[in-house]
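Notes follow the structure.
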Amino acid sequence: MQLIQETPDLSAYLAADEAIDHHHPLVRDTAARLAAGVADSYEYARAAFEFVRDGIPHSQDSGDLRVTWRASDVLERSTGICYAKAHALAALLRAEDIPTALCYQNLGVLHGLVAVRFNGAWHRQDPRGNKPGVDARFSLDGERLAFTPDPASNEMDYPVLYAAPHPVVLNALRAASDRPHLWRTLPTAL
């Protein structure tokens with residue numbers, strides 16, 4: 001699949017916003033801690049990915065009813081669904097000047113991912129969190145995502161790489177009083 005940048009300006013994929021708040025002290029401190037143990041940006045990207053994938057439980061898997069959407073809140077509360085975990089990973093990567101996009105799959109409902117830019121190319125990563133039947137890995141040599149869309153079920157990968165969270169995703173997260181409410185209102189398409 002050909003990934004398409006929403007904007008040709010690569011600096012947009014380094015920007016902070018309300019959800020990708022990489023200027024927040026907790027995000028900066030977490031990024032600094034992760035960066036201290038690695039030799040280069042590739043190792044940092046892998047460490048940040050594994051930290052979000054393994055260190056922040058997916059709220060559905062853990063039974064946590066809280067809804068987070070801002071990267072700093074995901075880190076502070078240590079919970080989030082796929083979109084929120086993607087926001088946290090994007091913030092950690094952007095905090096270390098690694099261009100990071102948000103991207104989505106339609107799996108009956110929208111699923112959130114990120115794409116990182118290395119060696120002039122974008123590489124999609126899925127920090128959702130592993131569980132039986134899900135084995136997402138950080139990879140620059142072919143995708144190792146949590147899910148593969150089933151075209152026979154009208155599932156698909158969206159090719160657009162967004163610099164900021166898509167409004168339908170952000171609106172659903174912000175409006176949800178808890179995860180059961182969010183589950184009833186999850187977006188099904190962009």
Side-chain angles (χ1 to χ4, degrees), residues 10-104 111-131 134-146 161-166 169-170 173-174 179:
L10 211 55
S11 70
Y13 298 97
L14 292 169
D17 61 31
E18 192 176 9
I20 314 297
D21 59 343
H22 65 75
H23 57 278
H24 189 280
L26 180 57
V27 177
R28 300 306 265 183
D29 290 347
T30 304
R33 191 174 66 252
L34 292 169
V38 299
D40 59 30
S41 61
Y42 299 103
E43 285 185 28
Y44 174 81
R46 179 185 306 279
F49 170 84
E50 290 174 354
F51 171 79
V52 173
R53 183 195 64 190
D54 301 338
I56 299 172
H58 188 286
S59 59
Q60 174 69 23
D61 297 346
S62 68
D64 196 319
L65 299 180
R66 297 173 295 168
V67 175
T68 55
W69 57 272
R70 185 178 287 121
S72 58
D73 291 339
V74 174
L75 296 176
E76 180 182 342
R77 296 178 183 175
S78 193
T79 191
I81 68 165
C82 60
Y83 314 130
K85 290 181 67 156
H87 298 169
L89 180 55
L92 290 171
L93 294 171
R94 289 180 183 187
E96 291 295 314
D97 294 323
I98 298 171
T100 307
L102 298 160
C103 45
Y104 303 92
H111 176 61
L113 316 160
V114 303
V116 295
R117 188 163 178 87
F118 280 110
N119 299 326
W122 289 99
H123 307 273
R124 292 190 310 164
Q125 312 295 327
D126 190 343
R128 181 233 177 266
N130 290 339
K131 63 179 187 173
V134 175
D135 186 28
R137 304 280 175 185
F138 183 84
S139 176
L140 302 179
D141 301 318
E143 294 185 336
R144 296 286 309 271
L145 305 177
L161 300 173
Y162 295 94
H166 195 282
V169 168
L170 211 46
L173 289 169
R174 286 178 175 158
R179 193 174 34 77

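Computed from a predicted model, the values in this text were never measured in an experiment. The first residue in the sequence is number 1, and the count goes up from there.
To the nearest 0.5 Å, the span separating NE2 on H87 from CG on L173 amounts to 6.5 Å. Put simply, CG on L65 and CD on Q60 are 9.5 Å apart, with the number rounded to the nearest 0.5 Å. In this structure, I56 CD1 and D64 CG are separated by 12.0 Å, a value rounded to the nearest 0.5 Å. Put simply, CZ on R53 and CZ on R137 are 5.5 Å apart, with the number rounded to the nearest 0.5 Å. Note that the CG atom of D61 and the CD1 atom of I81 stand 11.5 Å from one another [nearest 0.5 Å]. Taking CG of N130 as the start and CG of D54 as the end, the distance is 6.5 Å to the nearest 0.5 Å.
Taking the side chain as every heavy atom from C-beta outward, L102 and V169 never approach each other to under 4.5 Å. With a 4.5 Å cut-off on side-chain heavy atoms, T79 and P57 do not count as touching. At a threshold of 4.5 Å between non-hydrogen side-chain atoms, the residues T68 and S59 do not count as touching. Between D135 and R144, the closest side-chain pair of non-hydrogen atoms falls below 4.5 Å. Contact of the R70 side chain with the V27 side chain is not registered, since no non-hydrogen atoms from C-beta on lie closer than 4.5 Å. Residues P127 and F51 have side chains not in contact (no heavy-atom distance under 4.5 Å, counting atoms from C-beta outward). Side-chain atoms of L170 and Y83, non-hydrogen and from C-beta on, never get closer than 4.5 Å to each other. Residues E18 and W69 are in side-chain contact: their nearest non-hydrogen atoms beyond the backbone lie under 4.5 Å apart.
Between A45 and L93, the shortest heavy-atom distance links the atoms CA-CD2, 3.6 Å. For the pair L34 and A47, the tightest heavy-atom approach, listed with the atom from each and the gap, is CD2-O, 4.2 Å.
A salt bridge is defined here as a Lys NZ or Arg NE, NH1 or NH2 lying under 4.0 Å from an Asp or Glu carboxylate O, and R124 with D126 fails to meet this definition.
The backbone N or O of H58 lies less than 3.5 Å from no partner atom in the side chain of R128, so there is not a single donor-acceptor pair. Within the 3.5 Å criterion, the main-chain N or O of L161 finds a donor-acceptor partner in the side chain of Y13.
Ring geometry for Y104 versus H166: interplanar angle over 60°, hence perpendicular rather than tilted (30 to 60°).
Defined by atom type and a distance below 3.5 Å, a donor-acceptor pair is missing between the side-chain atoms of D97 and Y44.
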